[in-house]
Amino acid sequence: MSVAAPPAPVGRLSLGITGHREKNPLFDANRARIDTVLAEIFASIDAALAVEPTAPAATRLHSLLADGTDQLAASAALARGWELVAPLPFGHDLYIAINAGSENLADARSLIDGGNAEDAPTQARAEAIRGMTRAAHLFELADCDKIMTSLFLAKLAAPSDLGKTQDYLVRASERVALAGRVMIQQSDIIIGVWDGASHSAVGGTGHTIAAALELGAAVVWIDAHSPENWTILRAPESLAALPRGLTEGRAQSLAALVRAALRPPSGGLRAGSAVLDREAWHARSSRWWTAYRRIEALFGGDGRPLRSLIQRYETPDEIATGSGAGMLNAARALPGADTTFPAKIEQDVLRRFAWSDGISAHLSDSYRDGMIANFILSVCAILVGIAYQPLSTSSAKWVFASIELVLLCAILVITGLGGKRRWHGRWFETRRVAEYFRHAPILLLLGVARAPGRWPKGSDTSWPEFYARAGLRGPGLPRVKITTAYLRAALANLIDPHVVEQRDYHTAKAARLAKVHHNLDTLSTRLFQLAVVSVSLYLALKGAATAHLVPHEWPNKASYAFTFMGVAFPTLGGAISGIRYFGDFERFAAISEVTAEKLELVHARLSLLLATPECALDYAHAAELAHAMDDIVVSEIENWQAVFGGKHITVPV
């Protein structure tokens, strides 16, 4: 079946900007110098991008668009043709009213309603922000706008009431920190203009930089005292003793950060998305390579051990109207949804999931069935090698030896093919890609992403993580206004159904694999018991003949048959035990059981959240649950790799 691989993800550098505002004395005093340094850094980034072997997509700058550093960087980014994305902590109009700095209640109400302010400076600041938002791709966290509007207006109505001011500032800071976290998760590098004084103020520049470092993002720190002495911070511990004045090699380090964001790390067995492009598509699984799944069917106790196990693989062209249709329809039905975003998900995520899932399933059969075939062939080789004794004479041994030789050569051929074609490694790599993409649409629709430093690393290769991360960078944040209605629909119709489906899958899988392990263990034990019985019977027969209780020739005539059984039963038992060890059904059952328990906990939390009143349902809780689901999936992948990572295809000895 001729099916083409989806296009490889186009590399894209994503940046985040944070920094002091206009009212900060250091920013005000050094504004021109900061502007110059930002321009130099942006130029260095463009220079590093220009030498990339494959032209990346337009650089994406994430900015909260506050006055000062945010707007300075946004203007410079737009001038360079970069894409400007704004994760706003409030809805658009409320954000403008707050950041315009109005101290007049009537002006604030007018701006919240989308109008203008009477005060000229306030109106000028509002227009500056509006100009930026018109040029930006907005992701508005408006789920708490009703509460924030009330707190904001109450503060303006009673400026001398410190309690109301404090209530507003605490909630506003939390919202800004939340938007900052969205920015960090979407960015490869964070650029921060900061005086280095404190990082404890929630939502402030120092707090955002500290959060970025905690999440594994590199930070280009521009010291507000001396902007020209910018440097790169890489770990949270660097905040304990800020490296002021360490400028040597920083340009090369910045270029290296850009390269690392656009290219897979070196040192793996293979690198890059070309690996998936080289894979051949198969319409369905092989009729003959079903040994592993047949073991599960025979010993899993589902009542249909001999059913057909042929699997048909869903193609990238079919998934949008097949298994992905329900999710896409739910995405389109979200209140105030970005109407273009489902198409991006279908192109950038679902198609790549279908391709990697189908390729991985086929490679799984090749690898696991090849190893099980080796176990079975080894048993057959041993049994055939001694079968001449009960079935023929020594003169015909060459016939049995010839068959044994063919079987042994078949083992070597399978082992050689498995190693040469990297069945084990390719299966691992493509399965990781598929699992990263499986639940990604739900995360994307909520603007949730795995932070740069939180991606796991493979033991041999890292290109699957790079491929998935690059693929998910494409859609970015949806152009949407997040409301409580949007969150409720996303939780009820997207996250919870997916969590329940995966929970039920892992629950059933755990029960099935535990039964397979138990039944294989029982069969192996019974075969060894039969070996003991056969040897005991022979010895008893020999003893009876010695005691003249039976004819003397009986044990001699039966010796070949008893010898065959004495070898056959433990050989079969050893092979069954080897298959049980190779399949590691018990540990996989335990992994799925733990995964199901974690997913059940997420489902319970989702149910509680959906039952809360509207005011208690906010983006922070929804994003936390989405991250919890993501962490469970990644943890399951890591556990799965730990079990099968060292089990390369080999001769069964």
Side-chain angles (χ1 to χ4, degrees), residues 13-48 59-82 84-86 99-101 121 124-125 128-129 131-132 135-136 176 179-180 183-184 187-199 201 203-213 217-234 238-239 242-251 253-255 257-258:
L13 181 67
S14 291
L15 306 172
I17 185 73
T18 184
H20 294 308
R21 303 181 65 159
E22 296 281 359
K23 62 183 179 182
N24 182 278
L26 280 175
F27 179 87
D28 184 54
N30 295 321
R31 180 188 177 96
R33 295 166 64 190
I34 292 170
D35 193 12
T36 300
V37 170
L38 279 173
E40 291 174 355
I41 291 173
F42 286 2
S44 296
I45 290 172
D46 274 342
T59 300
R60 184 178 285 159
L61 178 71
H62 297 87
S63 169
L64 273 61
L65 299 184
D67 60 71
T69 302
D70 287 5
Q71 293 186 17
L72 207 62
S75 297
L78 292 172
R80 291 182 173 277
W82 293 0
L84 180 60
V85 179
N99 283 273
R125 289 190 291 268
I129 301 173
M132 288 291 176
V176 173
M183 175 186 72
I184 294 166
S187 302
D188 301 305
I189 304 169
I190 300 296
I191 301 172
V193 178
W194 179 44
D195 58 13
S198 172
H199 51 82
T205 299
H207 182 268
T208 303
I209 289 174
L213 293 171
V219 174
V220 177
W221 173 43
I222 301 173
D223 188 351
H225 294 90
S226 179
E228 295 79 12
N229 293 327
W230 61 272
T231 190
I232 297 175
L233 308 179
R234 299 177 183 272
S238 60
L239 298 179
L242 287 167
R244 286 187 167 91
L246 298 181
T247 60
E248 185 176 354
R250 63 186 182 180
S253 296
L254 180 58
L257 288 176
V258 172

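All residue numbers in this chain count up from 1 along the given sequence.
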Residue pair V219 / A212: nearest heavy atoms and the distance that separates them: CG2-CB, 3.9 Å
Would you say that Q71 contacts S63 through its side chain, given a criterion of any heavy-atom pair below 4.5 Å between the two side chains? no
Could you tell me whether the side chain of L26 reaches within less than 4.5 Å of the side chain of H225, counting heavy atoms only? yes
M132 versus A74, closest heavy-atom pair with distance: SD-CB, 3.8 Å
Is there a side-chain contact between I45 and L15 (heavy atoms, below 4.5 Å)? yes
Side-chain heavy-atom pair L257, R234 within 4.5 angstrom cut-off: yes
Any side-chain heavy atom of T205 within less than 4.5 Å of one from V193? no
Any donor-acceptor N/O pair, H62 side chain to S14 backbone, under 3.5 Å: no
Is D46 salt-bridged to R80, cutoff N-O under 4.0 Å? yes
Do L84 and L78 make a side-chain contact, defined as non-hydrogen atoms from C-beta onward lying under 4.5 Å apart? yes
Using modelled atom types only, decide if a donor and an acceptor are shared between the side chain of R250 and the backbone of W230 within a distance under 3.5 Å. yes
Considering all heavy atoms of both residues, which atom of S198 and which atom of A201 are nearest to each other, and what is their separation? OG-N, 4.4 Å
Per the side chain to side chain contact (heavy atoms under 4.5 Å, CB included) rule, which among T69, N30, L72 passes with D35? L72
Check whether any side-chain N or O of W194 sits under 3.5 Å from a backbone N or O of W221 as a donor-acceptor pair, and report yes or no. no
Donor-acceptor pair, D67 side chain versus E22 backbone, under 3.5 Å? yes
Do L242 and L233 make a side-chain contact, defined as non-hydrogen atoms from C-beta onward lying under 4.5 Å apart? yes
Can you find a heavy atom in the side chain of D70 that is under 4.5 Å from one in the side chain of R21? no
